[in-house]
Q: 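This is the structure I want to talk about, given as structure tokens.
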Amino acid sequence: MFLVELPAHQQAFDIRPLSAALGAEVVGLDLAAPLSDGDFARLHRAHLEHHVLVFRDQHITPAQQVAFSERWGPLQRHVLHQFALPEQPEVLIVSNIKEQGKPIGLGDAGVFWHSDLSYKDKPSLGSFLHAQELPAEGGDTLFANQHRAFEELPDALRAQVLGRRAEHSYLKQYKALQQRSPWRPDLTPEQIAAVPPAVHPVVRTHPESKRPALFVSEHFTTRVVGLPDGESEALLQRLYEHSTQARFVYRHQWRDGDLVFWDNRSVLHLAAGCPEHLRRRLYRTTIEGDAPA
Ligand code: OGA
Ligand code: MN
């Protein structure tokens with residue numbers, strides 16, 4: 001018999017499922033302390049299994065959030081660079097707060113179901129949100145399991161989507177969002193040039209777990225390639241309704257110290273919103289993923 005000594009910096013933490021649809025909370029881990037390769041491997045497996053990890057009680061700086069995020073892959077910067085955290089520009093400020101009438105961050109991130117940066121050739125692998133200020137009421141984030149959504153597609157709908165591709169565009173809802181949020185800045189010609197549309201499979205295969213997932217969303221998907229407009233629109237509407245049904249959804253109610261990390265290849269997400277007079281502020285980092293296949 002050999003007694004294997006655990007490396008001194010291995011941490012004792014629990015990973016507890018949060019709902020039948022998806023999600024797990026990570027309790028007892030301190031991301032401000034060094035993270036061993038073994039602990040990272042455990043988190044990696046849990047992320048693939050549960051799709052959303054909620055790290056409780058994290059008191060980390062933006063620089064520490066960036067450093068932890070970078071362990072998962074290269075970071076992507078959001079096209080609305082005016083909402084980057086000045087001292088840490090890989091961090092996007094997600095907030096409804098206005099100072100002297102000016103928004104300090106993106107106040108309406110996620111009012112439509114979406115997968116972050118699906119309009120890019122290389123959409124996001126996953127995103128982190130770290131709670132900074134939470135409203136006393138509302139402000140939940142919903143996540144919908146797109147592996148389950150694919151598995152439970154009615155046969156007729158499945159036959160219509162297999163082998164199809166769809167276009168995604170950052171500009172699709174931009175005007176609609178500006179109408180509901182007049183503070184939303186006009187895009188400069190440079191910003192528009194930075195977000196050309198991208199085409200991806202409607203059903204993608206997760207590059208790590210190899211599981212199929214639906215990959216279309218109300219926020220960014222404009223059309224199914226090769227279908228007449230009316231048919232494309234009707235098919236997309238059916239997919240949006242199907243993919244966000246309650247049985248696929250975990251609703252996250254934020255607690256102080258929460259750092260949430262979701263898999264943009266497996267889930268769609270939506271901001272439920274909160275009363276405008278209540279302050280909400282979170283810091284987002286976004287990891288680049290593969291070109292969907
Ligand atoms: C995002 C996002 C949802 C929320 O930051 O990518 O969609 O609840 N946020 O703030
Ligand atoms: Mn988002």
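When a ligand or atom number is given, it counts from 1 through the structure's own listing order. All heavy atoms count here, side chains included; hydrogens, waters and symmetry mates do not.
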Q: What is the closest protein heavy atom to atom 8 (O) of ligand 1, and at what distance does it sit?
A: T141 OG1, 2.6 Å
Q: Closer than 4.0 angstrom, basic N to acidic O: yes or no for D57 and R255?
A: no
Q: I need the minimum non-hydrogen distance between A131 and W254, along with the two atoms involved.
A: CB-CE3, 4.0 Å
Q: Under a 4.0 Å threshold between the charged nitrogen and the carboxylate oxygen, would D14 count as salt-bridged to R56?
A: no
Q: Do me a favour and list the nearest non-hydrogen protein atom to atom 1 (C) of ligand 1 with residue, atom name and distance?
A: R284 NH1, 3.4 Å
Q: Tell me how many protein N, O or S atoms are closer than 2.8 Å to the Mn ion (ligand 2).
A: 3
Q: To the nearest 0.5 Å, tell me how far S118 OG sits from Y170 OH.
A: 12.0 Å
Q: Please work out whether the ring planes of H114 and F220 are parallel, tilted or perpendicular, with thresholds of 30° and 60°.
A: perpendicular
Q: Which ligand 1 atoms are under 4.0 Å away from a heavy-atom of V94?
A: 5 (O), 10 (O)
Q: Enumerate the atoms of ligand 1 whose separation from the nearest heavy atom of H114 is less than 4.0 angstrom.
A: 7 (O)
Q: Taking the basic N atoms (NZ, or NE/NH1/NH2) and the acidic carboxylate oxygens, is any pair closer than 4.0 Å for K122 and D290?
A: no
Q: What atoms of ligand 1 come closer than 4.0 angstrom to any heavy atom of A271?
A: 3 (C), 4 (C), 8 (O)
Q: Taking the six-membered ring for Trp, are the ring centroids of Y250 and H51 within less than 6.0 Å of each other?
A: no
Q: Give the residue, atom name and distance (to 0.1 Å) of the protein heavy atom nearest atom 10 (O) of ligand 1.
A: R280 NH1, 2.9 Å
Q: Pull out every atom of ligand 1 sitting under 4.0 Å from any heavy atom of D116, numbered as shown with elements.
A: 6 (O)
Q: Who passes ring-ring contact (aromatic ring centres under 6.0 Å, His included) against H50, sequence neighbours left out?
A: none
Q: Does the ring centre of H168 sit less than 6.0 Å away from the ring centre of F215?
A: yes
